[in-house]
2 protein chains.
Amino acid sequence: MTTILIADDHPLYRDALRGALSQPLNSITLVEACDLPETVSVLEQQEVDLLLLDLHMPGSQDLFGLLHIRKLFPDVPVAIVSGTEDPAIISKIIGVGALGFIPKTASKQNIKDAIQAILAGDIWLPENISDKVESVDESFSQLAEQVASLTPSQYKVLCYMRDGLLNKQIGYNLDIAEATVKAHVTAIFRKLGINNRTQAVLIASQLELEPPAH
Amino acid sequence: MTTILIADDHPLYRDALRGALSQPLNSITLVEACDLPETVSVLEQQEVDLLLLDLHMPGSQDLFGLLHIRKLFPDVPVAIVSGTEDPAIISKIIGVGALGFIPKTASKQNIKDAIQAILAGDIWLPENISDKVESVDESFSQLAEQVASLTPSQYKVLCYMRDGLLNKQIGYNLDIAEATVKAHVTAIFRKLGINNRTQAVLIASQLELEPPAH
DNA sequence: AAGCACATAAGACTTTAGTCTGAAAAGTGT
DNA sequence: ACACTTTTCAGACTAAAGTCTTATGTGCTT
């Protein structure tokens with residue numbers, strides 16, 4: 001019995017994925033989520049054998065969200081579903097720990113192949129670009145490691161910093177004291193090897209892959 | 001007599017452009033620049049009838065640099081040369097005031113056509129994507145307008161802010177007092193409708209179009 | 001000549017940011 | 001049970017950010 005979690009904010013595409021999965025694969029359980037917090041919540045509650053994650057979900061923040069998931073649930077295989085087909089971006093996705101990349105233009109047969117490969121422990125990429133995917137450069141993987149070393153609370157604080165909030169506002173949102181926020185901020189700076197919040201915001205927004213579409 | 005300025009940091013591609021231009025068009029003068037400050041310097045010194053601008057030049061910062069050029073020299077027609085072919089990005093480029101977009105994969109004939117069209121005052125786009133280019137949404141064009149309203153000094157200060165520098169360091173780099181930097185920073189906040197530097201950095205980095213390649 | 005935008009900057013001030021020390025509670029894994 | 005990490009936060013402090021006011025000089029426009 002295999003459990004697959006579909007995390008995508010687009011209901012229609014969730015339907016399409018469900019359709020592509022239910023037919024070829026039997027004895028699977030499908031679970032769905034439409035934003036990042038919900039995805040985390042599902043992963044906490046039940047065992048999941050494969051996560052199909054859309055990079056552009058609300059709260060996901062592209063690679064930033066993927067790093068977060070990888071950090072919290074290192075044992076859950078993750079395949080990224082996205083509309084992008086840029087080899088440079090796909091390289092980074094793989095470099096950050098995803099086991100596969102499924103373009104939204106993939107056929108049902110491709111999706112089926114991909115999922116079976118990933119469930120078997122392989123890395124799966126679209127054929128036409130698998131040779132274009134290179135290993136990411138050292139500075140990026142170092143950055144990814146540093147961001148991945150953040151604790152969940154530190155991650156949340158960094159998310160709010162990236163939205164331009166003051167420490168006081170972050171504390172209000174997370175329902176903790178400003179002193180605690182400051183403690184987290186200092187810890188983040190240490191781990192990222194920086195010394196002010198502007199640099200932290202820059203690092204966080206470097207993990208965005210596309211310009212904001214809205 | 002027509003003067004064309006080629007601004008591209010890649011010497012080989014400058015050569016290629018030069019080759020594509022010297023043959024079909026006669027009675028033109030070619031000038032070259034390899035980074036943004038040099039481009040500005042050339043535009044200050046001589047009349048230029050067309051600027052072929054690479055978005056990814058050192059110091060250029062993508063749309064940020066284009067906005068800067070458009071602000072300083074609103075009468076100089078600008079065509080963007082870039083490797084991207086993403087319609088969303090091209091839409092923004094046109095929305096920010098460029099008169100044309102020439103993909104780096106364009107043929108000599110295409111380049112010739114493009115330049116003649118733009119010199120004649122038309123907007124030129126690659127055929128295969130000209131129908132996919134949409135008008136950019138209101139919030140983005142409003143953002144672009146606000147950034148374009150910055151004075152040259154304010155632009156420079158924002159550039160340094162975006163690099164994570166302190167006011168004191170910015171003052172040292174620009175050889176002005178920290179008090180002056182603060183005055184500029186406050187003016188920038190007013191124009192952008194924000195109240196702290198984190199938000200300024202976010203706006204500036206939203207005008208980046210691709211993740212840093214290096 | 002007068003007006004205007006811009007750049008420069010000092011002074012005084014309030015508010016955030018950020019560090020350091022220390023400490024207590026809660027959870028995690030062995 | 002023990003060690004370890006994480007989260008929480010206070011107090012005291014230094015540094016930086018940001019506002020407001022005022023002012024001088026320059027260059028450009030009308």
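Just so it is clear, the model here is predicted, and its values are computed rather than measured. These numbers come from the heavy atoms of this one structure, side chains and all, not from hydrogens, waters or symmetry mates. A, B, ... follow the sequence lines: proteins, then strands. Residue 1 opens every chain.
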Rounded to whole Å, CZ of Arg197(A) lies from C1' of dA16(D) at a distance of 12 Å
Given Tyr160(A), which partner from the list Leu174(A), Leu166(A), Asn167(A) fulfils the side-chain contact (heavy atoms from CB on, under 4.5 Å) test? Leu174(A)
Give me the one residue out of Leu66(B), Asp8(B), Ile6(B), Val81(B) that meets side-chain contact (heavy atoms from CB on, under 4.5 Å) with Leu53(B). Leu66(B)
Tell me: CG of Leu165(A) to C1' of dT15(C), nearest whole Å? 16 Å
Atom CD of Gln169(A) and atom P of dT15(C): how far apart are they, to the nearest Å? 15 Å
Between Arg70(A) and Asp75(A), is the closest basic N to carboxylate O distance under 4.0 Å? no
Nearest-Å distance for atom pair CG/C1', residues Asn195(B) and dC20(D): 16 Å
Would one find a side-chain N or O of Asn167(B) under 4.0 angstrom from OP1 or OP2 of dA16(D)? no
Is the shortest side-chain N/O distance from Thr180(A) to OP1 or OP2 of dC9(D) below 4.0 Å? yes
Among Gln146(B), Arg197(B), Met161(B), the one residue meeting side-chain contact (heavy atoms from CB on, under 4.5 Å) with Ile188(B): Met161(B)
Could you give me the CA-CA distance, side-chain angles and deciding distance for Arg14(A) and Glu32(A), then say whether salt bridge (charged side-chain N to carboxylate O under 4.0 Å, His left out) is met? CA-CA 8 Å; Arg14(A) 282 207 306 273; Glu32(A) 300 187 4; 2.8 Å; yes
List the protein contact pattern of nucleotides 22-30 of chain C with one symbol per nucleotide (5' to 3'): B for base contact, S for sugar-phosphate-only contact, - for none; contact means a heavy-atom distance under 4.0 Å. ---------
d(CG, Leu150(B); C1', dA5(C)) in whole Å: 15 Å
Which listed nucleotide (dT8(D), dA17(D), dA10(D)) is nearest to the side chain of Ala177(A)? dA10(D)
Whether Asn196(A) side chain and Thr198(A) backbone form a donor-acceptor pair below 3.5 Å: yes
note: Gln154(A), atom CD; dT8(D), atom P; distance rounded to Å ~ 10 Å
Describe the nucleic acid contact of Ser153(B) in one word from base, sugar-phosphate, nothing, applying a heavy-atom distance below 4.0 Å. sugar-phosphate
Residues within residues 181-190 of chain A bordering DNA chain D, heavy-atom distance below 4.0 Å: His184(A)
Gap between atoms CD and P, on Glu178(A) and dC9(D) respectively (whole Å): 12 Å
Ser149(B) or Asp175(B), whichever maps to the more 5' nucleotide of DNA chain C: Ser149(B)
Whole-Å distance separating the CG atom of Asn196(B) from the P atom of dG18(C): 11 Å
What's Thr151(B) touching, base or sugar-phosphate or nothing? Going by heavy atoms closer than 4.0 Å. sugar-phosphate
More than 12 non-hydrogen atoms from neighbouring residues, nucleotides or ligands closer than 6.0 Å to OH on Tyr172(B), yes or no? no
Could you give me the CA-CA distance, side-chain angles and deciding distance for Ile111(A) and Leu21(A), then say whether side chain to side chain contact (heavy atoms under 4.5 Å, CB included) is met? CA-CA 8 Å; Ile111(A) 295 177; Leu21(A) 292 181; 4.3 Å; yes
Which nucleotide in dA10(D), dT7(D), dT8(C) has an atom nearest any side-chain atom of Pro152(A): dT7(D)
Between Phe140(B) and Lys92(B), is there a cation-pi geometry (under 6.0 Å to ring centre, at most 45° from the normal)? yes
The side chain of Leu166(A) is closest to which nucleotide in this list: dT8(C), dT16(C), dC9(D)? dT16(C)
Taking Gln46(A) for its side chain and Val42(A) for its backbone only, find out whether a donor-acceptor pair lies under 3.5 Å. no
